[in-house]
Each structure stands twice: as C-alpha cells, then as structure tokens.
Amino acid sequence: MTPGGPNWLQPTAGSSAGGLPSLLPEPPEARVTRDADCLFCKIAGGEIPADVVRENERTLAFRDISPQAPTHVLVVPRDHHRDVASLAAAEPDTLAELVRTAADVAADEGIDAYRLVFNTGEQAGQSVFHVHVHVLGGRAMTWPPG
Ligand code: 5GP
Ligand code: ZN
C-alpha cells in the first residue's frame with residue numbers, strides 16, 4: 001500500500017474524520033455559495049493557488065500577492081459576499097470569525113500591532129468584490145491613510 005493509503009481513505013479538507021466518504025455528510029465545500037467569476041472564490045475553491053497561512057471550514061487566510069507591509073495577509077470567508085456590510089447582514093458569525101482569524105494570523109506572525117482594513121467600494125480602493133480583510137503589520141503605520 002502507498003504511504004497514507006488510497007485517496008478514498010484520507011480525510012478531505014474540512015472534514016474532521018476519515019473513513020467512508022459515503023457515510024459522511026456532504027463536504028462543507030458543497031454548501032459554500034460561490035460566484036463562478038470571482039477571483040477569491042477560485043482561491044477558496046483551490047482553483048487558483050495562493051500562499052495559505054490559515055484555513056478552517058468557513059474562512060481562508062492567504063498572503064497578498066502584492067504586499068504593502070512585511071505582513072500582508074487577506075482573510076476571506078469561503079462564501080461569496082461582495083463586501084463587509086453584506087457579510088455582516090448575511091453571516092454575522094462569519095464576520096466575527098474573520099476578525100478572530102485576523103488576530104490569529106497576527107499572533108502567528110509575531111506582531112502585536114497591526115491594521116485591519118476592509119476597503120468597501122471602488123472609490124475606497126476595493127478591487128476584488130469578495131469581502132476580505134487586509135491584515136497589515138510589521139512596520140510603523142501612518143494616519144490618516146492615503
Ligand atoms: P482590495 O483592493 O479589493 O481591497 O484588495 C484586493 C487585494 O487582493 C489587493 O491587495 C491585491 O494585491 C490582492 N490580489 C489581487 N489578485 C490576487 C491574487 O491573485 N492572489 C493574491 N494572493 N492576492 C491578490
Ligand atoms: Zn467570491
């Protein structure tokens with residue numbers, strides 16, 4: 001037998017136990033609401049690679065492709081919502097989890113001062129319309145932001 005056994009014996013991402021897939025409830029990813037044209041839905045679905053630093057059933061944290069600070073991580077819900085207000089209205093628990101995950105990322109990175117940013121709307125700098133919080137840290141931050 002190959003190390004780790006055949007694929008069907010291995011736990012899938014997000015499931016807590018191995019065993020027979022046919023006896024498990026449907027995998028969490030099957031319940032996720034997705035937008036086929038959305039970059040971050042594709043990253044959350046594993047179609048586009050990213051440097052993932054944390055993940056769980058509801059959220060994913062990965063490094064920004066164009067970092068603006070020594071630590072620049074984006075935390076997103078797996079479900080598609082266009083901005084933070086939409087997420088707050090639809091899934092307040094997930095929004096709280098996004099913020100908890102952001103704090104966990106900062107702790108993992110060894111930074112005790114960090115900035116969380118939810119750009120909302122084009123004029124505020126939002127370019128990807130799948131809600132994400134920027135976790136920025138590792139250098140001094142100025143205020144007001146540009
Ligand atoms: P926004 O401008 O919407 O607040 O933030 C979007 C962020 O996504 C930007 O900081 C941008 O650098 C980042 N980004 C855009 N495309 C990709 C990508 O393909 N992979 C990763 N990891 N980050 C991306
Ligand atoms: Zn999306």
Side-chain angles (χ1 to χ4, degrees), residues 7-146:
N7 282 341
W8 58 268
L9 279 178
Q10 293 181 356
T12 54
S15 84
S16 57
L20 295 172
S22 60
L23 298 178
L24 293 171
E26 64 175 343
E29 50 274 26
R31 299 193 296 270
V32 163
T33 55
R34 296 190 62 187
D35 176 333
D37 297 324
C38 170
L39 174 64
F40 289 174
C41 282
K42 288 179 183 164
I43 288 178
E47 279 169 59
I48 292 180
D51 186 357
V52 173
V53 296
R54 265 186 177 261
E55 63 180 315
N56 64 26
E57 195 177 321
R58 288 198 290 188
T59 67
L60 185 74
F62 52 93
R63 295 195 191 281
D64 197 292
I65 204 167
S66 174
Q68 302 302 310
T71 292
H72 189 172
V73 170
L74 304 173
V75 190
V76 306
R78 291 188 185 275
D79 275 332
H80 181 86
H81 298 279
R82 63 176 281 112
D83 58 33
V84 65
S86 305
L87 178 63
E91 291 186 46
D93 292 352
T94 304
L95 174 55
E97 192 166 331
L98 220 59
V99 175
R100 278 196 300 275
T101 301
D104 289 342
V105 166
D108 291 347
E109 299 275 310
I111 52 176
D112 56 9
Y114 54 90
R115 184 171 289 176
L116 301 185
V117 176
F118 287 96
N119 291 325
T120 304
E122 252 173 65
Q123 222 181 342
Q126 187 174 7
S127 61
V128 178
F129 287 82
H130 176 132
V131 57
H132 49 281
V133 59
H134 296 256
V135 186
L136 294 151
R139 65 166 168 80
M141 301 277 167
T142 58
W143 192 263

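Keep in mind that the numbers below use all heavy atoms, side chains included, and drop hydrogens, waters and symmetry copies. Counting from 1, the numbers follow the sequence of the chain as shown. This structure is a prediction, so every number in the text was calculated from the model and none was measured.
Checked against side-chain contact (heavy atoms from CB on, under 4.5 Å), Asp108 has the following partners two or more places apart in sequence or in another chain: Arg54. Every residue meeting the salt bridge (charged side-chain N to carboxylate O under 4.0 Å, His left out) condition with Glu97, not counting sequence neighbours, appears here in chain and number order: Arg58. The side-chain hydrogen bond (donor to acceptor under 3.5 Å, both in side chains) search around Ser86 returns Asp83, not counting sequence neighbours. For Arg82, there are no side-chain hydrogen bond (donor to acceptor under 3.5 Å, both in side chains) partners, not counting sequence neighbours. With sequence neighbours left out, Phe62 forms a ring-ring contact (aromatic ring centres under 6.0 Å, His included) with Phe40. Residues that satisfy the side-chain hydrogen bond (donor to acceptor under 3.5 Å, both in side chains) test with Asn119, not counting sequence neighbours, are absent from this structure. Listed by chain and number, the residues in a side-chain contact (heavy atoms from CB on, under 4.5 Å) with Glu47 are Arg34, Lys42 (sequence neighbours excluded). Listed by chain and number, the residues in a side-chain contact (heavy atoms from CB on, under 4.5 Å) with Glu109 are Arg63, Thr71, Val105, Ile111 (sequence neighbours excluded). Take Asp104 and apply the side-chain hydrogen bond (donor to acceptor under 3.5 Å, both in side chains) test, not counting sequence neighbours, and it matches no residue.
Pairs of residues two or more places apart, or lying in two chains, never qualify as ring-ring contact (aromatic ring centres under 6.0 Å, His included) while including a residue from residues 102-128.
The shortest heavy-atom contact between Asp64 and Ser66 is OD1-N, 2.8 Å. Of all heavy-atom pairs between Ala102 and Leu116, the closest is CB-CD2, 3.7 Å.
Here the CG-CG distance, from Asp93 to Leu87, works out to 10.0 Å after rounding to the nearest 0.5 Å. Considering CG of Leu74 and CG of Asp51, their distance stands at 11.0 Å, rounded to 0.5 Å. Atom CG in Asp79 sits 11.0 Å away from atom OG1 in Thr59 (nearest 0.5 Å).
Side chain of Arg78 to main chain of Glu57: a donor-acceptor pair is present (N/O by atom type, distance under 3.5 Å, no hydrogens or angles). For the pair Gln126 (side chain) and Gly121 (backbone), a donor-acceptor distance under 3.5 Å is present.
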Less than 3.5 Å apart, which donor and acceptor atoms pair up between the side chains of residues 131-146 and the rest of the protein, not counting sequence neighbours?
{"from": "His132", "atom 1": "ND1", "to": "His130", "atom 2": "O", "distance (Å)": "2.7"}
{"from": "His134", "atom 1": "ND1", "to": "His72", "atom 2": "NE2", "distance (Å)": "2.8"}
{"from": "Arg139", "atom 1": "NE", "to": "Gln68", "atom 2": "O", "distance (Å)": "3.2"}
{"from": "Arg139", "atom 1": "NH2", "to": "Gln68", "atom 2": "O", "distance (Å)": "2.8"}

